[in-house]
Amino acid sequence: MTLSLNIGNLFNDSSSNALVDELRKRTSEEEILDFEEKFNSKNEKNLHIYICRLLKNRSISRGLASKWLVTIIKNKESKINVLQKLNN
């Protein structure tokens with residue numbers, strides 16, 4: 001099943017399952033960040049919001065969710081640190 005990256009306001013079972021499948025496919029940090037960038041560019045809400053929803057609804061394992069969220073947060077923190085160094 002191919003996931004349309006633009007899931008918009010819909011968050012039904014099939015789009016949820018498709019998103020979980022896409023998350024499981026990507027294992028490297030580079031793949032995760034690439035998918036996040038593409039996903040965020042085509043959806044109203046950022047990927048981390050959907051991951052949190054999946055976690056809340058118990059549609060995704062805690063291990064998978066934490067791997068993605070830690071990778072996303074570390075990337076954001078790294079970007080913030082670079083910007084702070086540029087401003088100093």
Side-chain angles (χ1 to χ4, degrees):
M1 174 183 217
T2 301
L3 173 69
S4 171
L5 287 177
N6 186 1
I7 61 176
N9 292 327
L10 297 176
F11 204 72
N12 58 34
D13 286 342
S14 63
S15 64
S16 171
N17 291 336
L19 179 56
V20 171
D21 290 342
E22 290 298 317
L23 297 177
R24 286 183 183 135
K25 285 180 190 177
R26 286 148 179 89
T27 55
S28 74
E29 208 171 278
E30 185 178 299
E31 289 174 316
I32 290 170
L33 296 174
D34 184 52
F35 181 79
E36 181 209 13
E37 184 179 327
K38 290 176 185 174
F39 186 92
N40 290 349
S41 71
K42 297 185 181 197
N43 289 281
E44 291 177 17
K45 294 185 177 148
N46 289 336
L47 181 59
H48 68 272
I49 300 294
Y50 289 101
I51 292 173
C52 289
R53 283 185 187 174
L54 291 168
L55 194 54
K56 179 182 173 213
N57 295 333
R58 297 182 181 178
S59 302
I60 190 173
S61 74
R62 293 177 299 203
L64 182 60
S66 66
K67 178 180 181 177
W68 275 78
L69 293 173
V70 165
T71 302
I72 291 169
I73 290 168
K74 281 174 42 178
N75 182 55
K76 300 299 182 218
E77 287 176 345
S78 174
K79 288 179 180 180
I80 289 169
N81 290 335
V82 167
L83 290 173
Q84 285 177 336
K85 287 178 184 177
L86 289 174
N87 288 328
N88 291 335

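Nothing here was measured: the structure is a model prediction, and the numbers come from that model. Along the sequence shown, residues are numbered consecutively beginning with 1.
- Applying the ring-ring contact (aromatic ring centres under 6.0 Å, His included) rule to pairs touching residues 69-88 yields nothing, sequence neighbours excluded.
- Looking at Phe35 and Lys38, their side chains never come closer than 4.5 Å, going by heavy atoms from C-beta outward.
- Counting side-chain heavy-atom gaps under 4.5 Å among Ile, Leu, Val, Met, Phe, Trp and Tyr, Ile80 is found in no cluster with other residues.
- Taking the charged nitrogens against the carboxylate oxygens, Glu22 and Lys25 do have a contact shorter than 4.0 Å, which makes a salt bridge.
- The shortest non-hydrogen separation linking Ala65 to Leu55 is CB-CD1, 3.8 Å.
- How far NZ of Lys74 is from NZ of Lys79: 14.5 Å, rounded to the nearest 0.5 Å.
- Partners of Ser28 according to the side chain to side chain donor-acceptor pair (under 3.5 Å) rule, which considers only residues two or more places apart in sequence or in another chain, are Glu31.
- Minimum interatomic distance between Lys45 and Ile49 (heavy atoms only, all atoms of both residues): CD-CG2, 4.0 Å.
- Among residues two or more places apart in sequence or in another chain, the side-chain contact (heavy atoms from CB on, under 4.5 Å) test is passed with Leu86 by Val82, Leu83.
- A distance of 11.5 Å separates CG in Leu54 from NZ in Lys56, rounded to the nearest 0.5 Å.
- Partners of Lys76 by salt bridge (Lys or Arg N to Asp or Glu O under 4.0 Å), not counting sequence neighbours, listed by chain and number: Glu36.
- To the nearest 0.5 Å, the span separating CD on Glu77 from CD1 on Ile72 amounts to 12.5 Å.
- For residues 61-73, the set of pairs meeting the side-chain hydrogen bond (donor to acceptor under 3.5 Å, both in side chains) definition, not counting sequence neighbours, is empty.
- With sequence neighbours excluded, no residue forms a side chain to side chain donor-acceptor pair (under 3.5 Å) with Asn46.
- Looking at Ile60 and Leu19, their side chains never come closer than 4.5 Å, going by heavy atoms from C-beta outward.
- Scanning all heavy atoms of the two residues, the minimum distance from Arg24 to Leu64 falls at CG-CD2, 3.6 Å.
- Qualifying side chain to side chain donor-acceptor pair (under 3.5 Å) partners for Glu29, counting only residues two or more places apart in sequence or in other chains: none.
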